[in-house]
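Here is the structure we will look at.
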Amino acid sequence: MAASLQRIGIVACRTFPVILQRHLQAQRIRDVKITSIVAPVLRVNYCASSSSADNTDSAETLSRYADTPWEYLKSEEYIERYGSKPVWSNYRRNHKGGIPPQKTRKTCIRGDKICGNPCPICRDPNIIIHYKNVNLLQQFFCPDTGVVHDPTVTGVCMKQQKLLSKAIETAKDFGLLRAQFAHVDFTKEDYSNTHGAVAPTPPPFPLSSGELWYSWYGSVKPDERELARVKRIYKDYLKPEV
Amino acid sequence: MAALSVTRCLVRSYFCVKSAHKNVQTCLQTTTRVFSVSASRSSSESVLKAQFTDKEVQDILTKITGLNLDKVFRPLIQQLTPPKYKLLTDTELEEAVHKAEEQAKHLLEMPPILPERKPIDDVLAEDQMLEGMDTAKYVFTDINFNIPHRERFIVVREPSGTLRKASWNERDRIIQIYFPKEGRKVTAPPVFKEENLRVVFEQERHEDVLNHCVVQFEPDSAEFNKVFILTYEDIEKHGKYDLLRSTRFFGGLAWHMVNERRIDGLLVDMLQRDLMQDAVKLVRLFNLVHPQSESAQHAQGQQAADLDLLKIYAQYESSRAGFIELAVQTYEQTKALGSI
């Protein structure tokens, strides 16, 4: 059973680039405005499902999951292809030498061209990274530590890895994935809200006669010599002393 | 006099006591608020009613919350370290358990229940001279490190020239930008919208949502209160009280239900799980918070204790009286059989 699944997988991997090339030659590329999906717009295999009759059958199935990418993970073709294992389990990177490069390739799809041996997400056009596609996102991080798997382990290209991290963060924001928060201590803060910064400013108190605005106004005496000097300079402008 | 000073220390509402230093009458009022409902010296009803911060209320709520060490110290989603094994004697083991209980009590401290903060609308200056100076507002913040955030001056200069104090929402956002807190976002995440909350409630992750809410919002903000009330309503609708038991939010849930006079669901849940003492304490809390209700007055008249409180409550206030009385009878019978 496992062997046959593997064989199907290998055949699918091998034939996929061929099928893709055929599509590129056979069809026109149509731009699809997908407002709700975070997936890259340059996916060449997409056609609007309501387009004209020159769609082939495989194009129909590709576009079927554009709006609801989470449906694909329940479909028969997904289960047949991947079973219960994560989508990256049977992927192997091609690289020179024993030690793989510390970063995977920048992207698998440039314009119309797809590279040889594309990463687990790019090789299957039905797998779309979307924040609501929780079952897919859960395959890419550890449930006990919350740490996202390194791309050198899963084999995804850097572009998809960025989209993946973004989608995981959005899913946590929407409450679809569990997030851990630090314990908040409330004992040390004062919630009385009486300080002038947050409470209405009290009106200024009116001065009674003889009272000074600041209490130290009256007690500061000017230096005698300075006072005499200033009086001498502005002699012409001073009021006559009584 | 010595007794009065001792009780003054015990009362948590310390600021009331400080300001009432000279006023002995107010001192007496604050002390009577804590103690029994019967010995009231003031005439106003609001003074008799128990507050969340009262010692007796807090005692009852902590006892009802329970202390399930397995639930409090369940594994968090964090970097894992290899486990540590220690060889301990019996006394050392007891000490370790005692320390764990202290730590658990610290983790189970309830978030404060505060009245909603009054909006800040205070104009400091109006300079028509500056009108049309720019198309954007300027926000001036005091970023000295050692001031509490609630004493920080944050003012906004509008394009029309008015200089006003920043509103609470603006204050929260600016303080998060300059002094970021871990886990808090500048703008509220979409999980706190009602449709997303419903999805989370279906997955029974009420505690996660409340933890997130506590991290994101200030305790006296409107959104904080709204999320808590929505969570409590959902729990009560489906009877999922056990999700919050042994967490820091159970006290708040019980307090909310008692204030709304809807403790039947919670009582029935406690009785189904054979938590008789907790049920009795809940009814006692109800009588403290609503001293004018029939159940409280009858209980006070008969000086009831323990299961009699439950019976009186079931008779006068409850809508599921049959179940409560049946449960009390079964408990008494099993106790009698056990003692034989």
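So you know, we letter chains A, B, ... as the sequences are listed, proteins then strands, and number each from 1.
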Checklist entry - Is there a side-chain contact between A:His195 and B:Phe153 (heavy atoms, below 4.5 Å)? => result yes

Item to check | Top contributor to chain B interface from A:Gly175, A:Ala179, A:Gly196, A:Pro143 [non-hydrogen pairs under 4.5 Å] | outcome: A:Gly175

Next on the checklist: Does atom NZ (B:Lys71) have a neighbourhood of more than 12 heavy atoms from anything else shown, all under 6.0 Å?
Outcome noted: yes

Checklist entry - So what's closer than 4.5 Å to chain A heavy atoms on B:Leu114: side chain, backbone, both or neither? => result side chain

Next on the checklist: Quick check on A:Ile99: does its CD1 atom have over 12 non-hydrogen neighbours (other residues, nucleotides or ligands) under 6.0 Å away?
Outcome noted: no

Checklist entry - Just how far is it from atom CZ of A:Phe181 to atom CG of B:Leu76, taken to the nearest 0.5 Å? => result 12.5 Å

Checklist entry - Measuring heavy-atom distances to chain A, does B:Arg205 have an atom under 4.5 Å in its side chain, in its backbone, in both, or in neither? => result side chain

Next on the checklist: Tell me whether the count of non-hydrogen atoms from other residues, nucleotides or ligands lying under 6.0 Å of CD1 in B:Ile177 goes above 12.
Outcome noted: yes

Checklist entry - For B:Glu102, does the CD atom have more than 12 heavy-atom neighbours from other residues, nucleotides or ligands under 6.0 Å away? => result yes

Checklist entry - Contact part of A:Val147 toward chain B, heavy-atom cut-off under 4.5 Å: side chain, backbone, both or neither? => result side chain

Checklist entry - Please walk me through it: do B:Asn211 and A:Gln180 pass side chain to side chain contact (heavy atoms under 4.5 Å, CB included)? => result CA-CA 9 Å; B:Asn211 270 323; A:Gln180 188 66 42; over 6 Å; no

Next on the checklist: Need one label for B:Pro111: side chain, backbone, both or neither, based on atoms under 4.5 Å from any heavy atom in chain A.
Outcome noted: both

Checklist entry - So what's closer than 4.5 Å to chain A heavy atoms on B:Leu124: side chain, backbone, both or neither? => result side chain

Checklist entry - Between the main-chain N or O of A:Thr201 and the side-chain N or O of B:Asp122, is there a donor-acceptor pair closer than 3.5 Å? => result yes

Item to check | Toward chain B, the part of A:Thr187 with a non-hydrogen atom under 4.5 Å | outcome: side chain

Checklist outcome for this item: Interface check, chain A: of B:Lys165, B:Glu218, B:Glu182, most non-hydrogen pairs under 4.5 Å belong to B:Lys165

Item to check | Which of B:Val199, B:Asn196, B:Leu107, B:Asp121 touches chain A most, by non-hydrogen pairs under 4.5 Å | outcome: B:Leu107

Item to check | Within 6.0 angstrom of A:Lys162 NZ, more than 12 heavy atoms from elsewhere | outcome: no

Checklist entry - When you check the gap from the basic side-chain N to the acidic O, do A:Arg178 and B:Asp208 get nearer than 4.0 Å? => result yes

Checklist entry - Which atoms of B:Lys181 come close to chain A, meaning under 4.5 Å heavy atom to heavy atom: side chain ones, backbone ones, both, or neither? => result side chain

Checklist entry - B:Ala188, B:Pro75, B:Gly183, B:Pro112: which one forms the most heavy-atom pairs within less than 4.5 Å of chain A? => result B:Pro112

Checklist entry - Would the number of heavy atoms belonging to other residues, nucleotides or ligands and lying under 6.0 Å from CZ of B:Phe179 be above 12? => result yes

Checklist entry - Can you find a heavy atom in the side chain of A:Asn193 that is under 4.5 Å from one in the side chain of B:Trp168? => result yes

Checklist entry - Hey, what do you get for NE2 (B:His149) to CD (A:Glu189), rounding to the nearest 0.5 Å? => result 7.0 Å

Checklist outcome for this item: Residues B:Val215 and A:Val184: closest non-hydrogen pair is CG2-CG2, 3.6 Å

Checklist entry - Under a 4.5 Å heavy-atom cutoff, which of B:Lys185, B:Met110, B:Gln203, B:Arg117 has the most pairs with chain A? => result B:Lys185

